[in-house]
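Since the structure comes first, as structure tokens, the remarks are kept for the end.
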Amino acid sequence: MTHDPVRIGLISISDRASSGIYEDQGLPALQAWLGEVLANPAEFVTRLIPDEQALLEATLIELADTEQCSLILTTGGTGPAPRDVTPEATLAVAHKVLPGFGEAMRAVSLKYVPTAILSRQVGVTRGASLILNLPGQPKAIKETLDGIFAAVPYCIDLIGGPYLEARPGTIAVFRPKSALRPPA
């Protein structure tokens, strides 16, 4: 069976990692999780940037509009600290807000840590791109994606993206029967 290719934008937002103070762990965690779960051939477009709202807005627009990424995942910058501006930047470039993603991500994280209530993660669309704000730590990235990814492929279908599928034995992707592709 052949799977649709997909372009995925990955953005790690960290002042310290982007300045070389420590090694970024967000991008490798995202790539590892997607490599394990996604059945589609994926091309990753990665960016490591500081917590600067204007730069993040420009990067999100570039990945959605110019790079044509169907899925854009951010990691970091979703807390209440003064430099945490990921949700503000994401909402500023959004065409549609999908509140269910933020609610679900916080619900997943609350199973593990009570401080998940401090998270301000959001999910939005911009054109044919789904943008999701994920936590910054690799363990939390995995837990969150494990909890929400079942809904991601159908959302991407609805906004005009490729038909994403998960590898057997990983995530059970959900689509209504009317949206399923017949087996090849």
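Just so it is clear, the values below take in all heavy atoms, side chains as well, and ignore hydrogens, waters and symmetry mates. Every value quoted in this text rests on a predicted model; they were computed, and no experiment measured them.
Remark: Thr125 OG1 to Ile156 CD1 distance equals 11.0 Å, nearest 0.5 Å. From Thr74, atom OG1 reaches atom CG of Leu60 across 7.0 Å, with rounding to the nearest 0.5 Å. Put simply, OG1 on Thr59 and CD1 on Ile11 are 5.5 Å apart, with the number rounded to the nearest 0.5 Å. Going from atom CG of Leu118 over to atom OG of Ser109 covers 11.0 Å, rounded to the nearest 0.5 Å. Rounding to the nearest 0.5 Å gives a distance of 11.0 Å between CD of Gln137 and CD of Glu143.
Within the 4.5 Å cutoff, the side chain of Glu67 has heavy atoms near those of the Cys69 side chain. In this structure the side chain of Asn40 reaches within 4.5 angstrom of the side chain of Glu165, judged on heavy atoms. A heavy-atom distance below 4.5 Å is found between the side chains of Val152 and Leu132. Counting heavy atoms from C-beta on, the side chains of Ser12 and Leu10 never come closer than 4.5 Å. In this structure the side chain of Leu34 reaches within 4.5 angstrom of the side chain of Phe44, judged on heavy atoms. In this structure the side chain of Leu164 never reaches within 4.5 angstrom of the side chain of Val173, judged on heavy atoms.
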**OP:** Just do the side chain to side chain contact (heavy atoms under 4.5 Å, CB included) check on Ser18 and Leu48 with the steps written out, would you?
**Re:** CA-CA 6 Å; Ser18 66; Leu48 174 58; 4.1 Å; yes
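Salt-bridge annotation for Asp157 and Arg175: present, with a side-chain N of the basic residue lying under 4.0 Å from a carboxylate O of the acidic one. A salt bridge links Glu62 and Arg47; the closest N-O separation between the charged side-chain nitrogens and carboxylate oxygens is under 4.0 Å.
Contact between Asp51 and Ser14 at its shortest, heavy atoms only, is OD2-CA, 3.7 Å. In terms of heavy atoms, Ala166 sits closest to Ile171 at CB-O, 3.3 Å.
Around CD of Gln53, the count of heavy atoms belonging to other residues, nucleotides or ligands within 6.0 Å exceeds 12. For Arg167, the CZ atom sits in a packed shell: over 12 heavy atoms of surrounding residues, nucleotides or ligands are nearer than 6.0 Å.
With sequence neighbours left out, the salt bridge (Lys or Arg N to Asp or Glu O under 4.0 Å) criterion links Lys96 to no other residue.
The closest donor-acceptor contact from the side chain of Thr75 to the backbone of Pro135 lies under 3.5 Å. No donor-acceptor pair closer than 3.5 Å links the side chain of Arg126 to the backbone N or O of Ile131.
The only member of Val124, Ile72, Leu98, Leu73 that meets side-chain contact (heavy atoms from CB on, under 4.5 Å) when paired with Leu130 is Leu98. Shown are Thr78, Thr90, Thr144, Thr86; of these, the side chain to side chain donor-acceptor pair (under 3.5 Å) with Asn133 is made only by Thr90.
Through direct or relayed side-chain contacts under 4.5 Å between Ile, Leu, Val, Met, Phe, Trp and Tyr, Leu180 connects to Tyr163.
Hydrophobic clustering (ILVMFWY, side-chain heavy atoms < 4.5 Å, transitive): Ile159 and Leu38 are in one cluster.
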